[in-house]
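Just so you know, ligand 1 is whichever comes first in the structure, and atom 1 is the first atom listed for that ligand.
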Amino acid sequence: MVSDPVQGREACAKEWWRDAVVYNIYPRSWRDANGDGHGDLPGIIERLDHLEWLGVDAVWLNPIMPSPNRDWGYDIADYTAVHPDFGTMADLDELVEAAGRRGIRLVLDLVPSHTSDEHPWFRAARSDRRSPYREYYVWRPPGIGGAPPNNWISYFGESAWTLDEQSEEYYLHSFLPEQPKLNWWSARVAEEFERVLRFWFDRGVGGMRIDALQTLVHNPELTANPPASERDTSLERRLGQRFLHSGGQPETHHFVRDWRRTADAYEPTRLLFGETWVSSVDDLSPYYGDGHDALGLAWNLPFLSSDFAAISLRAVVERTMSVLPSAAWPAWAMSTHDGEGRAATRWCQGDPAATRCALLLLLTLRGTPILYYGDEIGMTDATSQPASVRRDTAETAAPRDRSRAPMRWEPGPAAGFTSSARPWLPAPAAGVPTVAEQRADRDSVLWFCRDLIMLRRRHPELMAGAMRFVPAPEGVLAWERGDSGRGGVVVAVNLGDAPAAVGLGPLTKGQILLGTDRRRDGQTLLGDTSLDPREGLLIRTV
Ligand code: GLC
């Protein structure tokens, strides 16, 4: 077992992610070092300076394991290897070490709910009904008239069953037919993943983002899913079905607790960050167990899907704080490689002032912020390409290529992402100013983001302090961080369309630590202050 690759830093707490800023890299689109048009691990090593300068503590990479890429890495054909497009295992080891020297931990993406149909387990399983790998997947004979075994549909809208002509049985898949679902009712599957986790943790990987956890365990009785109702995710409502029995079974938590025991056997403990795709934050609680014995972080889809309005954001953040076990630690993300896309587009319509407000929110709520690459420069979604040239062919509400476009590094061809004339996805010809341009401009979104991360480090109450919403006029969201009565930090953002007065209370004096309008940095405040629409302040109160 290798020791903690992050050197020179006191492990702040056993659960290091509670103080961390996590940065999510879609590796195919971040930086291409060998000029083949695909981002790679050496490209990440090359640009670690950017991450260190920005002040992030961990990097989560979307899947880097070998895959035929029907779902761009989320269909894995080998769980303990590196896809040649991204480099070699030696590159991975070098990345763990080089990032560790900069105080940055590496988190990989693990897909335990399904494999690729090209995984040797599935090939063996489908080639012979008596194969020992048959039980790794979910097989059922055709129903009456050759019909699929039940009404379950996949997240991409088709039947969740595909008939395997060779063995004349249907197999289950929660996503594409090329992503056969693993059968977690088989003890052998759990054993395989125990080995996979140890393989990566032994290499010094700091944790795993666990894909599509809500699909891990299906109901073995194959009970029919009910129709969707108003309380379900927009996807379930769109597809007309609630994924009640095709996933989300209580046994899921048993496996998560086992993984946590494995993660806790390492020093420091490894992060388990679950993709928990649920419609209500109430459904997140069980994934956290008692707050220390299950997931370390859980994906908060209701926050990501909220309107960018004070009333909606307050409701989802307050609900998250009230329903999670008191020892649990929330995770906040506003952009994703999936259909919801980037906050700079969805929440902010490309307005840099609004983007600063979004960053201020993300980085000062109580919990771990997850930046998606490009959030730090206010990168917007790319324009959608016609379906005929899209790389992602899955049927999703919005094309997922939009938020997977190459990172904008510097002016010039492919925005400095690659030297190839053919990047795997087109680099938008124009868009938000690049990293290089923003580094040269002290008033940029990038500097705002970086200054904010540095302030988090200087003011521990922004990381670990308690959080309370404080009264604010319509359209304004305001909250306090720190222990009551001892002075702390107040954050206020005006997401409304009219200027608003924010009161600090007659006895309170404040100093602006950071304003989305940088001319206000350092100002002293006595009593009320006014916020323009799309303006936010981080205020130290005394
Ligand atoms: C997750 C991933 C998504 C993928 C799906 C199936 O939701 O974020 O990109 O298509 O799982 O693995």
Ring centroid separation for W299 and Y287, is it under 6.0 angstrom? no
Should one rank N62, L213, D71 by closest heavy-atom distance to atom 4 (C) of ligand 1, which comes out on top? D71
Heavy atoms of other groups near E395 CD, more than 12 under 6.0 Å: no
Among protein heavy atoms, which lies nearest atom 1 (C) of ligand 1, and at what distance? D211 OD1, 2.7 Å
As an exercise, identify every atom of ligand 1 less than 4.0 angstrom from a heavy atom of R209. 8 (O)
Do the ring planes of Y136 and Y133 sit parallel (below 30°), tilted (30 to 60°) or perpendicular (above 60°)? perpendicular
Distance from atom 5 (C) of ligand 1 to nearest protein heavy atom, with residue and atom: F175 CE2, 3.7 Å
Among all protein heavy atoms, pick the one closest to atom 7 (O) of ligand 1 and tell me residue, atom and distance. E275 OE2, 2.9 Å
Any idea which atoms of ligand 1 are less than 4.0 Å away from a heavy-atom of R400? 3 (C), 4 (C), 9 (O), 10 (O)
Atom 8 (O) of ligand 1 sits nearest the protein heavy atom D338 OD2, 2.5 Å
N/O donor-acceptor pairs under 3.5 Å from side chains in residues 380-389, not counting sequence neighbours:
{"unit_1": "D381", "atom_1": "OD1", "unit_2": "R342", "atom_2": "N", "d": "3.0"}
{"unit_1": "D381", "atom_1": "OD2", "unit_2": "R342", "atom_2": "N", "d": "3.4"}

Give the atom numbers and elements of ligand 1 that come within less than 4.0 Å of a heavy atom of H114. 6 (C), 12 (O)
SB check R242 D232 (cutoff 4.0 Å): yes
Per-atom contacts of ligand 1 with H337, taking only distances under 4.0 Å to non-hydrogen atoms: 2 (C), 3 (C), 8 (O), 9 (O)
Measure up the W161 and W152 rings against each other and bin them: parallel (under 30°), tilted (30 to 60°), perpendicular (over 60°). parallel
Does ligand 1 have any atom sitting under 4.0 Å from a heavy atom of H173? no
Taking the six-membered ring for Trp, is the centroid-to-centroid distance between Y171 and Y137 below 6.0 Å? no
